[in-house]
Amino acid sequence: MVQPTIPPYSYSGLFRFTIRPFNSWALALKNASSPRKALDLYSQMHRRSIPFDSFSILFMLNSCAPLHNSNLIAHLHSHILKLGFISHVYVATSLLRAYVLASFNYARKLFDETPERNVVTWNIMITGYSRSGDINKAHALFEAMPLRDVASWSAMIAAFMNNGKLNSGFSCFREMVASERYKPDQLTVGLALGGCAHMGSLGLLVGKSVHGFMVKNGWGLDVKIGTILVDMYAKCGLLKLACIVFNLMQQRNVMTWTALICGFAQHGYSEEALSFFEAMQDIGVRPNELTFTGILNACAHRGLVEEGRKYFNMIEQNGLEARIQHYGCMVDLFGKAGLLEEAYQLITTMKVEPNVVIWGSFLSGCKEHKQFEIAERVTKQLLERIEPESDAGVYSLICDLYVLNGKWDDAERVRKVMVGQNVRKVRGSSFITRS
DNA sequence: CGGATTGGCG
């Protein structure tokens, strides 16, 4: 007997028989290059009285979700209610996700008030609790949900990993494998291996067993899987194994090369990283933004100023945009080389707003090379702009610089602000123990 | 003619 195929609109009788003329505006919203552009289209649709269908409102939600603007989402929410699309499962889940990103309290309210929950909504809420740092609530939700799928497990593993509970993340992964009801996919395994990269030698142990799982289940070394493995081994410092996996792969893409390059750069093998980069270009693989981060890191590590300049210029030559990390590497490189004027020039002319990382490397360059004049030039405006409680490192750098320069009064003044705000310098740790 | 929700990013 022939089974009837369930039409995609069968979840709600409301939409099954509605006549839906093709809406090219929806496509435009989907392909909107930026949230700004999407908003522009949205208001144009209002002005020209273009009717909204479920697609246009859905794409609108997705395009604007990265803005994290709860007012905007609330506006779209009321529009959705007005159109009656709140009973549309896809629209409703997208709305929930947008709320999770913008304002988790609203999302929680919406979730609590909506009786129609499904796996996807539960999964979204797990991520929501994870993002707000409430790992216990996330886990409770995971335990309480009536039905799970691979995404639920991934969400839970990611929640543990992102909240520094690496061991719990691994046990969750093991539990998933042991249950034999759910098969980890590339994303799940990627999460597990990503956690390994932050655990040093212990991570390597787990990583190898995850690798074993992949082999046992007959996962071939395709580009994605191979790249994940290269990345894990490289990050753990097992560069030889990273190379072995790399060589075993039949096909490689930019990310494969980038994983190798970043790994070597990160562990101080700058020359190797640079020669991999040349080899990559020789066979015609175009670098991306992350590749350049690795390369510039390699240069900063060895103090290769000339090469650094050359590679930095190559970013735009490759049709890419210099990101804040690239500027950070350059400031670090210039700062370590004592070229503080050049570093300052770069900071003032760069297209993105400098962050504390940038100012931090700049000031430590000043400290190392005793360049107090130029440090003082930026300190004054910097003190007005940054928050003492969030940028403790920069504050103590400023303090150090004043002390080294013999400006005790200024040092005392900055110190008082720090004490008043109860600023403590966060100590570095080789183990992730974020709480 | 045609399009669609979740898990994670460096």
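Below, chain A is the first sequence line, B the second, and so on; all start at residue 1.
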Base, sugar-phosphate, or nothing for A:Leu290, non-hydrogen atoms under 4.0 angstrom?
base
### Task
Would you indicate what A:Met156 reaches in the nucleic acid, counting non-hydrogen atoms under 4.0 angstrom: base, sugar-phosphate, or nothing?
nothing
Contacts of A:Asn253 meeting side chain to side chain donor-acceptor pair (under 3.5 Å) (sequence neighbours excluded), chain-then-number -> A:Thr256
From CE of A:Met232 across to P of B:dG10 the rounded distance in Å is 19 Å
Rounded to whole Å, the CD1-C1' distance (A:Ile228 to B:dC9) equals 11 Å
Subject >> Donor/acceptor link under 3.5 angstrom from A:Asp185 side chain onto base of B:dG7 >> reply: yes
Looking at A:Arg97, does any N or O in its side chain come under 4.0 Å of the phosphate oxygens OP1/OP2 on B:dG7? yes
Against the side chain of A:Thr93, the closest entry in B:dT5, B:dG3, B:dC9 is B:dT5
Against the side chain of A:Phe59, the closest entry in B:dG10, B:dG3, B:dT5 is B:dG3
Residue set satisfying ring pair (Phe, Tyr, Trp, His ring centres under 6.0 Å) with A:His77, at least two apart, ordered chain then number -> A:Tyr99
Contact check, residues 122-153 of chain A vs DNA chain B, heavy-atom distance under 4.0 Å, returns A:Asn123, A:Ile124, A:Thr127, A:Val150, A:Ala151
Do A:Tyr233 and A:His211 meet the criterion of a side-chain donor-acceptor pair at a distance under 3.5 Å? yes
| task | Find out whether the Lys NZ or Arg CZ of A:Arg117 is both under 6.0 angstrom from the six-membered ring centre of A:Phe111 and within 45° of the ring's axis. | result | yes
| field | Under 5.5 Å and under 30°: A:Phe55 stacked on B:dG3 | value | yes
